[in-house]
Amino acid sequence: MKDKILVIGSAGQIGTELVEALRAQFGSSQVIASDLKAPEIPGEGLFEALDVTDREGLLKIVKKHGITQIYLLAALLSATAEKNPLFAWKLNMEGLLNVLELAREKHLDKVYWPSSIAVFGPNTPKDNTAQYTIMEPSTVYGISKQSGERWCEYYHAKYGVDVRSLRYPGLIGWKSAPGGGTTDYAVHIFHEALKSSSYECFLGPDTALPMMYMPDAIRATLELMNAETGRIKIRSSYNLGGISFSPKDLAEEIRKKIPGFKISYKPDSRQQIADTWPRSIDDSASRLDWGWKPLYDLKTMTEDMFINLKKKL
Ligand code: NAD
Ligand code: SER
């Protein structure tokens, strides 16, 4: 049987790029994009409006298209989740459990669900954070991702659901806007650098966090999902490493392209979230099990962001 893929949360920062990449791999007619609302300007390819917390609606779409794989991207991210913790818990957990249950009942081939560096917490060692270490997240987003990891592991062990996951770092891309996370500054800064040569950052200058350029993140997702089943040893979620930098480091790199660029700092509530997360990630399990290797560093990411954003803006 041919793969038929449903991407839930397709209009977001990752979905916008992942749908494109999946359509390039599987063919446009094999990938159904879905989000709460249809886009105002219809894009190419199939789209279904879906609220992932609506189990019946999800089942209908799976049956209608003969779906064999689901990529579940719908969630509230760290900063937005703190504003509405109970709703964040409902969306992040109910969405995942609906998809896992359906995968079990309908014997779906594969499920992809992203976790995050937010599974770590204030007591986690911050540098080169290991795959297995103290995990005591203090944000509702982190708690939902930590619980989600346990559920993925459970559905794989108990029911054989082929669910795969990555703990994404903060993602940076030029094609789509970020959706309410603590790492969003690293996208906004590029837009403001081009518009006004200045940026007021909501994190302090020395707040180093694990980050990744979107092309690496999309490639990692496809490589993980395309890997032979026997190579996937971790069914909670894999650490995924890319680049580690602070706002000050990024501003210095931007200044190489825009010499007059000015940055000021006004930390807000997102600083408290960032302070609980790792500075850098040990992704040796991903490298060993399914051959992960990031391609972009701070310099090459910054160059590529400016080339593409200039064209886009
Ligand atoms: P985003 O906020 O940009 O996109 C999420 C999409 O889900 C939105 O288009 C939204 O309309 C949709 N959505 C919300 N509620 C929905 C519902 N009930 N039913 C269907 N769709 C719904 O998020 P993103 O940055 O693309 O992140 C996608 C996933 O990756 C999330 O699980 C997030 O936690 C994870 N992640 C993202 C990052 C990052 O830096 N972007 C890092 C780590 C993990
Ligand atoms: N980029 C995400 C956030 O800041 C990390 O999961 O919420």
Side-chain angles (χ1 to χ4, degrees), residues 6-19 32-39 43 47-55 57-58 61 70-84 87-99 111-120 137 139-149 152 165-173 175-188 202-203 207 209-214 216-218 220-221 237-240 242-243 269-278 281:
L6 176 65
V7 180
I8 304 173
S10 62
Q13 189 193 10
I14 300 173
T16 308
E17 303 214 23
L18 188 60
V19 166
I32 289 91
S34 76
D35 208 293
L36 287 172
K37 279 190 276 171
F47 180 90
E48 293 278 2
L50 169 70
D51 179 342
V52 72
T53 60
D54 169 11
R55 241 184 115 172
L58 173 61
I61 289 173
I70 294 182
Y71 287 67
L72 171 58
L73 304 175
L76 279 203
L77 274 76
S78 57
T80 318
E82 286 308 300
K83 293 186 186 138
N84 199 345
F87 177 72
W89 176 257
K90 180 179 158 59
L91 171 62
N92 294 7
M93 295 321 310
E94 233 177 81
L96 175 61
L97 285 170
N98 281 351
V99 169
V111 171
Y112 178 76
W113 169 81
S115 184
S116 160
I117 50 166
V119 289
F120 301 113
T139 61
V140 65
Y141 177 67
I143 297 168
S144 74
K145 290 296 183 188
Q146 160 71 291
S147 310
E149 288 194 9
C152 289
S165 176
L166 297 170
R167 290 175 185 153
Y168 288 135
L171 301 182
I172 299 151
K175 292 187 185 174
S176 48
T182 301
T183 56
D184 293 9
Y185 88 85
V187 179
H188 297 151
F202 59 74
L203 297 182
T207 311
L209 289 169
M211 299 280 190
M212 180 173 281
Y213 196 33
M214 193 63 90
D216 268 346
I218 299 296
T221 309
S237 190
Y238 276 98
N239 270 8
L240 187 71
I243 321 167
S269 57
R270 288 168 279 192
Q271 182 68 50
Q272 276 108 59
I273 300 177
D275 286 342
T276 71
W277 289 355
I281 293 290

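Start at 1 with the first residue, then count along the sequence. We count ligands from 1, going down the list as the structure has it; atoms in each ligand are counted the same way.
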Does ligand 1 come near enough to [X] that some N or O of the ligand is less than 3.5 Å from an N or O of the residue?
X	answer
Ile14	yes
Ser116	no
Gly12	yes
Tyr168	no
Leu171	yes
Thr53	no

Just which atoms of ligand 1 are under 4.0 Å from any heavy atom in [X]?
X	answer
Leu50	19 (N), 20 (C)
Gly170	40 (O)
Gly179	2 (O), 3 (O)
Asp51	17 (C), 18 (N), 19 (N)

Apply the test side chain to side chain donor-acceptor pair (under 3.5 Å) to residues Ser165 and Glu149: give CA-CA distance (whole Å), side-chain angles for both, the deciding distance (0.1 Å), then the verdict. CA-CA 8 Å; Ser165 176; Glu149 288 194 9; 5.7 Å; no

Mind checking whether [X] contacts ligand 1 via backbone (N, CA, C, O), side chain (CB onward), both or neither, at a 4.0 Å heavy-atom cut-off?
X	result
Ser115	backbone
Lys37	neither
Pro169	backbone
Tyr141	side chain
Leu91	side chain
Leu77	side chain

[X], portion touching ligand 2 at heavy-atom distance under 4.0 Å:
X	value
Trp277	side chain
Ala118	neither
Tyr168	neither

Could you tell me if Thr182 and Ser78 have a donor-acceptor pair between their side chains, going purely by distance under 3.5 Å?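 There is such a pair (donor and acceptor under 3.5 Å, judged by atom type) between the side chains of Ser78 and Thr182.
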
Considering only non-hydrogen protein atoms, determine which one is nearest to [atom] and report residue, atom name and distance to 0.1 Å.
atom	value
atom 19 (N) of ligand 1	Val52 N, 2.9 Å
atom 3 (C) of ligand 2	Ser78 OG, 3.3 Å
atom 29 (C) of ligand 1	Leu73 O, 3.3 Å
atom 32 (O) of ligand 1	Lys145 NZ, 2.9 Å
atom 8 (C) of ligand 1	Asp35 OD2, 3.6 Å
atom 4 (O) of ligand 2	Thr182 N, 2.6 Å
atom 6 (O) of ligand 2	Ser116 OG, 2.6 Å
atom 41 (N) of ligand 1	Gln13 OE1, 2.8 Å
atom 1 (N) of ligand 2	Thr183 OG1, 2.7 Å

Please tell me if the side chains of [X] and [Y] come closer than 4.5 Å, counting only heavy atoms from C-beta onward.
X	Y	result
Ile281	Leu240	no
Ser147	Trp89	yes
Ser34	Val52	no

Selected option - heavy-atom contact closest to atom 22 (C) of ligand 1, from Gly148, Gly180, Ala75, Ala74: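 Comparing heavy atoms across Gly148, Gly180, Ala75, Ala74, the nearest one to atom 22 (C) of ligand 1 lies in Ala74.
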
Closest heavy-atom approach to atom 17 (C) of ligand 1 among Leu18, Leu36, Leu76 is made by Leu36

Counting neighbours of NZ on Lys83 that are heavy atoms of other residues, nucleotides or ligands and sit closer than 6.0 Å, is the number greater than 12? no

Shortest non-hydrogen contact from [X] toward [Y]:
X	Y	answer
Leu203	Leu209	CD1-CD1, 4.0 Å
Ala11	Thr16	O-OG1, 3.5 Å
Ala38	Phe47	CA-CE2, 3.2 Å

So, taking the atom named CG in Leu97 and the one named CZ in Arg55, what distance separates them when rounded to the nearest 0.5 Å? 9.0 Å

Name the residue from Ile14, Ile70, Val19, Asp35 that meets the side chain to side chain contact (heavy atoms under 4.5 Å, CB included) definition with Val7.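 Single side chain to side chain contact (heavy atoms under 4.5 Å, CB included) partner of Val7 among Ile14, Ile70, Val19, Asp35: Val19.
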
Check: [Y] main-chain N/O paired with [X] side-chain donor or acceptor under 3.5 Å:
X	Y	result
Lys145	Phe120	no
Asn98	Gly95	no
Ser176	Gln13	yes
Ser144	Met93	no

Verdict with reasoning, Leu58 to Leu6, per side chain to side chain contact (heavy atoms under 4.5 Å, CB included): CA-CA 10 Å; Leu58 173 61; Leu6 176 65; 3.9 Å; yes

Give the ring-plane orientation class for Tyr168 versus Tyr112, where under 30° counts as parallel, over 60° as perpendicular and anything between as tilted. tilted

